[in-house]
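In listed order, ligands and their atoms are each counted from 1. No hydrogens, no waters, no symmetry mates; every other heavy atom, side chains included, goes into these values.
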Amino acid sequence: MAEDYGRGVAFVDGAYVPVDEARIPLLDWGFLRSDANQDTISAWKGTYFRLDDHLDRFMRNIAKLRMVCPHDRDALKAILDRCLSLTGFRDAYIQIIMTRGRPPIGVRDPRRCENKFYAFCIPYMWLAPEEQRERGLHLIVSEIRRVPPESVDPTLKHYHWLDFEMGLFEAYDRGGDTVALTDGDGNVAEGPGFNVFAIKDGILTTPERGVLDGMTRNTVFALCAETNLDYRTAPLSVAALHDADEAFLSTTAGGLIPVTTVDGRPIGDGAPGPVTRRLGALYWSKREAGWLATPVDYNAVDSQKLRITT
Ligand code: PLP
């Protein structure tokens, strides 16, 4: 019987499986130690966005973690194409993941682990539902401190998310839709799956340190350059965010998402701001016109030759 990939597909140990059946071994340190790095890529209308940049970031990050990916870039692209072909998704949310893997039983030396590559592809996932995106998100700033950059390099795309998860509980308890964490100095850092931008007097500010160099954040910089908007990476105090004319979140899961209240206080007039709307619309119209796009190969061949051989 043909496999059912209608809800998504995963690539595990060289084989494609329906995403609900995908399993990783219990003893993989990606699970036991959060010893992992991922990259999240989107496809929209049958094209990947900034695929090369995502693969660059992924390869750079796993090198920092001293992991070895068993696939080269061409093979990674072929795996993604195959995932998209099997599901037929035109709009997709894709993660590529390296974990430390597991060492022989009884060994605690990370150098003895066999690193593992996984991927999955599900329908395109938005950071927030449409109704929230339309009215703008209610953002809560938590005093929970994001894992400090001195402890874990924030430019890795890692799974150290307990701070975010507990922040989300706090945000929901306080009537918010999502949460941004701070850096311990009263400045905003980032949130679960997004970077934060504030706009004041026509200038965009996004935190400079302690955050992921988000692909969408970089894309916003490019859109600013194209539309002659000033932007800067600088510390963003919580007070400055409260006092902003506009605010938005940037993420692969939706582009630019307006924020209309922070800690219950309206931002600007409490509706998504004009600059946010303009840049957000430009982001999607340029993507749909093929900007930085790589077409998905929906005729991607079977993966047997890509089997992990180690
Ligand atoms: N910051 C964190 C912690 C994230 O997990 C993400 C995305 O998942 C982002 C920022 C936004 O990054 P990108 O624009 O590459 O999706």
Side-chain angles (χ1 to χ4, degrees), residues 30 34 36-44 48-62 64 91-98 119-122 124-128 133 137 139 141-142 144-149 151-168 171 178-183 187-198 204-224 231 233 236 241 247-259 276 279-280 282-284 286-287 291-292:
S34 286
N37 180 74
Q38 60 107 343
D39 222 283
T40 300
I41 304 166
S42 65
W44 190 253
Y48 304 106
F49 186 55
R50 304 192 63 167
L51 179 63
D52 282 332
D53 296 327
H54 279 288
L55 294 180
D56 284 347
R57 183 169 70 176
F58 184 68
M59 291 302 194
R60 196 166 58 234
N61 280 339
I62 62 174
K64 282 189 220 164
D91 306 331
Y93 174 102
I94 303 148
Q95 273 195 21
I96 50 177
I97 304 156
M98 282 294 307
F120 69 84
C121 166
I122 55 177
Y124 186 80
M125 188 159 58
W126 297 86
L127 185 79
R133 301 197 305 272
L137 295 192
L139 179 71
V141 181
S142 172
I144 296 176
R145 184 174 182 178
R146 180 62 176 141
V147 180
S151 300
V152 178
D153 179 348
T155 64
L156 296 167
K157 214 158 152 37
H158 56 74
Y159 290 128
H160 289 71
W161 271 45
L162 275 181
D163 48 6
F164 285 148
E165 300 291 335
M166 297 321 293
L168 278 172
T178 191
V179 73
L181 304 189
T182 44
D183 66 2
N187 296 316
V188 177
E190 59 186 346
F194 56 81
N195 293 106
V196 179
F197 281 80
L204 286 80
T205 302
T206 191
E208 66 175 340
R209 65 183 292 274
V211 298
L212 180 73
D213 53 340
M215 203 59 71
T216 323
R217 177 179 183 260
N218 291 329
T219 306
V220 170
F221 298 159
L223 295 175
C224 284
Y231 69 90
T233 60
L236 174 64
L241 179 59
F248 65 87
L249 314 177
S250 68
T251 172
T252 294
L256 287 72
I257 314 274
V259 168
T276 303
L279 287 177
L282 189 59
Y283 171 87
W284 282 109
K286 284 180 71 80
R287 275 191 69 163
W291 186 44
L292 301 172

- Contact with ligand 1 for Asn195, non-hydrogen, under 4.0 angstrom: yes
- Message: If I compare all heavy atoms of Leu212 with all of Thr155, which pair ends up nearest, and what's the gap?
- Response: CD1-O, 3.6 Å
- Message: Quick check on Trp161 - does any of its heavy atoms sit under 4.0 Å from an atom of ligand 1?
- Response: yes
- Message: Checking the N or O distance criterion of under 3.5 Å, is ligand 1 in contact with His54?
- Response: no
- Query: Using the ring of each side chain (for Trp, its six-membered ring), is Trp284 parallel, tilted or perpendicular to Tyr124, with breaks at 30° and 60°?
  - Reply: perpendicular
- Query: For Thr216, is at least one N or O under 3.5 Å away from an N or O on ligand 1?
  - Reply: yes
- Which residue from Pro192, Ser250, Gly214, Gly255 reaches closest to atom 12 (O) of ligand 1 through any of its heavy atoms? Gly214
- Message: Measuring only between side-chain heavy atoms, which start at C-beta, is Leu55 closer than 4.5 Å to Ile96?
- Response: yes
- Message: Which label fits Phe221 and Tyr231: parallel for a plane angle under 30°, tilted from 30 to 60°, or perpendicular past 60°?
- Response: parallel
- With a distance cut-off below 6.0 Å to the six-membered ring centre and an angular limit of 45° from the axis, does Arg146 pair with Phe164 as a cation-pi contact? yes
- Message: Side chain or backbone, does Arg57 bring an N or O within less than 3.5 Å of an N or O on ligand 1?
- Response: yes
- Which option, Gly191, Ser42, Gly193, owns the non-hydrogen atom nearest atom 5 (O) of ligand 1? Gly193
- Item | Protein contact to atom 1 (N) of ligand 1 [nearest heavy atom, distance to 0.1 Å] | Glu190 OE1, 2.8 Å
- Query: Nearest to atom 16 (O) of ligand 1, what protein heavy atom do you find, and at what distance?
  - Reply: Thr252 OG1, 2.7 Å
- To which protein heavy atom is atom 8 (O) of ligand 1 closest, and what is the distance rounded to 0.1 Å? Lys157 NZ, 2.5 Å
- Query: Tell me, which protein residue and heavy-atom name are nearest atom 15 (O) of ligand 1, and how many Å apart are they?
  - Reply: Met215 N, 2.8 Å
